[in-house]
Protein chains: 2
Amino acid sequence: MGNAVSIKDLARKFKCAPSTISRALNDHPMINIDTRKTIQEYAHKIGYQKNTISLSLLNKCSKTLGVIIPSISHYHETAIIEGLEAILQPAGYLLNICVTNECHALEKEYLNRLYANRVDAICISLSQETFDHSLNEHIDLAISRSMPIIFMDRFYHESDVDRVITDDFKGAFLATEHLIHMGCQRIAHLHGPKGITVSQQRFRGYQVCLKKYGREVDDELVKQVMFSPESGIEAAKSLLDQEIKPDGIFAVNDEVCFGAMKVIQERNYKIPEDIALVGFDDIPLSAFGPIALSSVSRKSKKIGEQTAHLFLSKMNGMHQHQQFTLEPELIVRESSQRNHYS
Amino acid sequence: MGNAVSIKDLARKFKCAPSTISRALNDHPMINIDTRKTIQEYAHKIGYQKNTISLSLLNKCSKTLGVIIPSISHYHETAIIEGLEAILQPAGYLLNICVTNECHALEKEYLNRLYANRVDAICISLSQETFDHSLNEHIDLAISRSMPIIFMDRFYHESDVDRVITDDFKGAFLATEHLIHMGCQRIAHLHGPKGITVSQQRFRGYQVCLKKYGREVDDELVKQVMFSPESGIEAAKSLLDQEIKPDGIFAVNDEVCFGAMKVIQERNYKIPEDIALVGFDDIPLSAFGPIALSSVSRKSKKIGEQTAHLFLSKMNGMHQHQQFTLEPELIVRESSQRNHYS
DNA sequence: GATTCAATTGCAAACGTTTGCGTAATTTTT
DNA sequence: AAAAATTACGCAAACGTTTGCAATTGAATC
């Protein structure tokens, strides 16, 4: 890559100053129309392409957005990326995507590397380790360097930050309420990793809904899981091994729910008659499994789009912090649709 | 981002030349040990971080890899990204990820934008449109600009390029052979989009295997699909509406297979007794659906890792083109495991 | 006390591009 | 024909960093 043709090369070729070439290529008004045409044609012919690195240096603007996410293996994250790209590609931006695997050290390292590269802003969904140990110096450092930070999903500051999140509380509330409406008496919850905001909010939605309908929150019906089907399997087994078995399960996400579904079917319970199921995230496959899964859609792509818009507004000089909370939507399918209404 | 502290600011502060600061920060041997220490400590204190954009300009090396993929919503692509990151993060690289949505114009645009940003190389999996219309001038342009291009999965040049692919032919062969061993007599194939290499190779593996075992390839048992469950549903319906119904299906990928599975269950055929199923890609959920899906794993993460190694070797001066073909592996689960062996 | 040597530091160019200002050449106006 | 205005281009600095070479300093040697 050391032999790319530059504006200086063109200047030599045309025996003129680099500035003339620059003006010709940028359709500057104060340039002779013939020289402009000649230069443009020649530049196009030999495949000249502006080196945007020098522009980044000059303009202190790299036309690049840094994205730090804990994982990229779930629908939610990829949909966010799709949403970001849908808005930012037409705006001329590129995305630097960094996956932390829930590791704080990596998050810190990436944050620094993105700053070194002077990306125009960083969108971040915090890692679990960052949460668990309330580690936030790296974020504070980035902010003190006046790097714009936009939180997606997982944030820790209560105010004074830009963020785009889903109303997980409401989503969980809707899911639980739906199970109540379907006549479920003993609604279990598969609770996500503790430190993470989304897990907490979903659990809270579940709790508050039960209380609103006069139900007790039974600790035996709340199991801790990771965001994986394996974990859902374990938790479901433990639920079904208990004396008090659930007749409805609200899981922290769809992967967990798939795991639970497998166990339930293996033990010959019927879905949704014996046990109704509702997941979270509305992953594409949830509609196409042998039993279509009910799920709370958190409009993942929209999170990306909204984040992109927030970012663009910041680039346009909006200095006030903005916080968006998107509305989730309950999608009812076979796994929870009963004819029995209470 | 216009107020970042630079080496010049430090030079002013210490009343010395920028070069002294540079040498101090880089542990240059010819620098007084005390000044070095003082400068380093102060730089760390105020959070100075080298601007790598200027380094990119100077060294003609951006420590960034461009990645162009047709989609990011499937396991395969995200696993590739994980593989790339696993190797390239420790090596100090960042990834510019661009999703084309199978659109040629976008692919061309991104290719150009990545070149403008002077990424160190571009890994690309070609879009379907690029295939369908054999559009390759944009690739040729990039190559003529001496931008290193590494193909993943979907390529078009037969030689003289760097590439990392899976042996799709072999994977399809293994899947088909397995269905034959399971006693299937009428093995259908859900054939992916025509122009795409992987679809063609998988179809060829299916064909060659059938012929090897003395079976006819029945056109009625080969249905065209897109890479989606919806498409799998349609194709399965059309298969089951025919007079000659299959007793085994090899699908071009797992999503399609999930769609087919749904139809098969709705029509009360038993899996695997009436119809055995094998998919491709071994997506994580395939093991955890109510019926665990047999599938050909194409070691998606390994593709990313191998691509990363190929890239690094190119960065280290390896100029010869390298081509890697990874071995797929058949994972047998419930959906095809019969007790009947032929 | 003059010379040599080593240890530090400064200078300036380079990477590729843009842009304000100056200037030459050409045209228009008086 | 002289003055003014216009047109088109060049010069040089700037963005932040590195690095070969020159320069300075101080100490050691003759």
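Each chain gets a letter, A, B and so on, in the order the sequences are listed, and its residues count up from 1.
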Provide, to the nearest angstrom, the distance between the [atom1] atom belonging to [X] and the [atom2] atom belonging to [N].
X	N	atom1	atom2	result
B:Leu10	D:dG16	CG	P	12 Å
A:Ile53	D:dA14	CD1	C1'	18 Å
B:Asp9	D:dC15	CG	C1'	12 Å
B:Lys63	D:dT17	NZ	P	18 Å
B:Asp34	C:dT8	CG	P	9 Å
B:Gln49	D:dG16	CD	P	14 Å
A:Ile7	C:dT19	CD1	P	11 Å
A:Lys50	C:dC15	NZ	C1'	17 Å

Among the nucleotides [options], which one has an atom lying closest to any side-chain atom of [X]?
X	options	result
A:Leu55	D:dT17, C:dT18, D:dC15	C:dT18
B:Leu57	C:dT17, D:dT17, C:dC15	C:dC15
B:Asn51	D:dC15, D:dT17, C:dC15	D:dT17

request  = Name the nucleic acid region contacted by B:Ser56, choosing base, sugar-phosphate or nothing; use a 4.0 angstrom heavy-atom cut-off, strictly under.
outcome  = nothing
message = Any base atoms under 4.0 Å from B:Tyr48, or only sugar-phosphate, or nothing? Heavy atoms, all strands.
response =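 Here B:Tyr48 touches the backbone only, sparing every base.
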task = Tell me, please, which residues at least two apart from A:Ile165 pass side-chain contact (heavy atoms from CB on, under 4.5 Å).
result =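 Listed in chain order: A:Phe155, A:Arg163, A:Thr325.
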Taking only side-chain N and O atoms of [X], does any of them lie within less than 4.0 angstrom of OP1 or OP2 on [N]?
X	N	value
A:Lys8	C:dA14	no
A:Lys60	D:dA14	no
A:Thr35	D:dC9	yes

task = Flag the pair A:Leu95 / B:Asn96 as yes when at least one side-chain heavy-atom distance between them is below 4.5 Å, and no otherwise.
result = no
request  = Check the pair A:Asp27 / A:Arg36 against salt bridge (Lys or Arg N to Asp or Glu O under 4.0 Å), numbers first and verdict last.
outcome  = CA-CA 7 Å; A:Asp27 290 331; A:Arg36 183 210 302 186; 3.7 Å; yes
ask   = Hey, what do you get for CG (A:Leu55) to NZ (A:Lys63), rounding to the nearest 0.5 Å?
value = 11.0 Å
ask   = How far apart are the C-alpha atoms of A:Phe14 and A:Tyr42, what are their side-chain angles, what is the distance that settles it, and do they pass the ring pair (Phe, Tyr, Trp, His ring centres under 6.0 Å) test?
value = CA-CA 10 Å; A:Phe14 286 96; A:Tyr42 182 76; 5.5 Å; yes
request  = For B:Lys15 and for B:Leu58, find the nucleotide of DNA chain C with the closest heavy atom, then tell me which residue's nucleotide is more 5'.
outcome  =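 The 5'-side residue here is B:Lys15.
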query = Has A:Arg118 got its NZ or CZ under 6.0 Å from the middle of the six-membered ring of A:Tyr115, at an angle within 45 degrees of the ring axis?
reply =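 The answer is yes, since A:Arg118 meets both limits relative to A:Tyr115.
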request  = Enumerate the residues from residues 16-32 of chain A whose closest heavy atom to DNA chain C is under 4.0 Å, giving them by residue number; use none for an empty result.
outcome  = A:Ser19, A:Ser22, A:Arg23, A:Asn26
inquiry  = Tell me whether B:Glu129 is salt-bridged to B:Lys108, with the criterion being a basic N under 4.0 Å from an acidic carboxylate O.
reply    = no
